[in-house]
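Notes follow once the structure below has been shown.
Here is how names work: the chains are called A, B, and so on, in the same order as the sequence lines, proteins then strands, and each is numbered from 1.
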Amino acid sequence: MQGFSDLVAFFEDSSLADAIRENDVLFPSIESVHVLAICLVVGSIMAVDLRLLGIASVKRPVSAITRGILPLTWGAFVVAAASGFLMFISNATKYLGNDYFVAKLCLIAAAGLNMLVFHFISAGNQPRWDAQARLPISARLAGGISMLLWIAVVACGRWIGFTMEAG
Amino acid sequence: MTGAIVGDFAKWLGSTSLSHAIQTAGWIIPALQTIHILGIAVLFFSAVIVDLRLWGVLERDVALRNVARRFLPVIWPTVLVLLLTGSFLIIGEPRRSLLNSAFYLKMALLAFALVLTVILQWSLSAVPEFWEKDRGRRIAGRFAATLSILAWCSIIFAGRWIAYTQVG
């Protein structure tokens, strides 16, 4: 753990973190980029989830939707993670002590795990159900879980803002 | 003059029992903001995917009209949800937005973005090839798409800025 707290201190004490803390415009700008990127991540993932659930875009094969949308999701995720990291280092110790921040990271990890599990379980027989409107239960379950997890991620993100003391 | 009227209105709104209820229960405002952001996510993505199709970046194997038909109609009920959650946020903290230029900038940009959406939706349902007929139309389509993306991004920026430019 010593190594981790050293690393956190290194970032928190950096001149970059200092600039984000001290500058009036920098933090809100980074936060706006973060919200923008999260909106794209969540919006695009929901489009895929709704397809998996059989609610939207049911005439299009799942693979066509993921091929078209997921590059956008990943691009936006990189931006969201980078902007999130910049906000984090401006006040790292306080963020790490915030339950909603820790919960948000865990929920994102869970969403990633859900995606991986679905990918590896279904990869073999996806060609069989790819074009079906009503998908097997494993696919619907993955879509539903993903949706709930991302809603919770957004909620935690918003709650961080209300539970971090100013300054 | 108008500033005083808006100020009085904000003061009155803040004194209503509904406003008090929203202020006192600490979870209501973050919950409303969460729904608001989820709504923006749905709306923003739906608009952007059509804009990127106009640019020929995404979903090129589907006709522009079909992409528009799948995603643009989603925008309208979502706008309703956003107006509703937004209204309750204003009732809860009237001064935060009503006395804030970032809020009015956001509303002006929203009006612009929605007009653009209506134009896209109507043109494509009337003439499927409207934005693809010739080179000029394709360039116009990309121009409209760029305006749309910029408008929605600015709306999100202005929205976040409301929190930082509130008076008192």
Side-chain angles (χ1 to χ4, degrees), chain A residues 24-51 55-61 63-73 75-76 79-80 83 87 100 147-148 150-163 166, chain B residues 25-53 55-63 66-67 69-71 73-75 78 82 85 89 93 102 106 149-150 152-166:
Chain A
D24 286 343
V25 179
L26 221 43
F27 191 90
S29 304
I30 297 169
E31 199 183 9
S32 299
V33 171
H34 191 66
V35 172
L36 210 135
I38 291 230
C39 282
L40 273 187
V41 170
V42 174
S44 59
I45 287 180
M46 291 217 169
V48 176
D49 291 342
L50 287 173
R51 172 63 183 94
I55 294 170
S57 300
V58 288
K59 285 182 195 146
R60 242 163 106 62
S63 58
I65 292 193
T66 50
R67 222 183 12 252
I69 288 176
L70 291 187
L72 183 67
T73 313
V79 176
S83 53
M87 291 195 286
Y100 294 101
M147 208 163 201
L148 291 176
W150 284 104
I151 289 172
V153 168
V154 172
C156 281
R158 207 67 292 272
W159 249 274
I160 292 169
F162 285 85
T163 48
Chain B
W27 58 271
I28 294 183
I29 287 177
L32 285 169
Q33 287 187 355
T34 301
I35 300 169
H36 201 72
I37 293 187
L38 287 168
I40 294 173
V42 171
L43 193 162
F44 185 53
F45 170 73
S46 305
V48 163
I49 196 155
V50 175
D51 294 335
L52 290 178
R53 178 62 186 80
W55 266 98
V57 176
L58 287 182
E59 304 239 276
R60 265 179 301 196
D61 58 321
V62 190
N66 290 345
V67 179
R69 218 190 278 167
R70 253 164 65 212
F71 288 100
V74 176
I75 289 181
T78 313
L82 289 168
T85 48
L89 285 168
E93 296 174 295
K106 181 182 176 183
I149 290 177
L150 286 177
W152 290 116
C153 288
S154 309
I155 288 168
I156 293 175
F157 263 73
R160 199 73 288 271
W161 232 272
I162 292 172
Y164 293 93
T165 49
Q166 50 186 324

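You'll find the side chain of W161(B) reaches within 4.5 Å of the side chain of S29(A), heavy atoms only. I49(B) has its side chain out of reach of R53(B): every pair of non-hydrogen atoms, C-beta onward, lies at least 4.5 Å apart.
Of the two parts of V62(B), only the side chain, counted from C-beta on, holds a non-hydrogen atom closer than 4.5 Å to a non-hydrogen atom of chain A. Using a 4.5 Å cut-off between heavy atoms, L43(B) does not touch chain A at all. Neither the backbone nor the side chain of I35(B) has a heavy atom closer than 4.5 Å to any heavy atom of chain A. Only the side chain of L72(A) has a heavy atom closer than 4.5 Å to any heavy atom of chain B. With a threshold of 4.5 angstrom between heavy atoms, Y164(B) approaches chain A through side-chain atoms but not through N, CA, C or O. For W152(B), no part sits under 4.5 Å from any heavy atom of chain A, backbone or side chain. For a residue to count as touching a neighbouring chain, one of its non-hydrogen atoms must lie under 4.5 Å from one of that chain's; by this rule V153(A) does not touch chain B. Looking at V33(A), both its backbone and its side chain come within 4.5 Å of chain B, counting heavy atoms on both sides. Residue I37(B) touches chain A through both its backbone and its side chain, counting heavy-atom pairs closer than 4.5 Å.
Options A31(B), A163(B), G26(B) differ in how many heavy-atom pairs under 4.5 Å they form with chain A, and the most are formed by A31(B).
Taking CD1 of I45(A) as the reference point, atom OG1 of T73(A) lies at 5.5 Å (rounded to 0.5 Å). The structure places CE of M46(A) at 13.0 Å from CD1 of I69(A), a figure rounded to the nearest 0.5 Å.
Residues satisfying the side chain to side chain donor-acceptor pair (under 3.5 Å) criterion with R60(A), sequence neighbours excluded, are E59(B), D61(B). The ring-ring contact (aromatic ring centres under 6.0 Å, His included) search around F71(B) returns F45(B), not counting sequence neighbours.
A donor-acceptor contact shorter than 3.5 Å is absent between the side chain of R158(A) and the backbone of T34(B).
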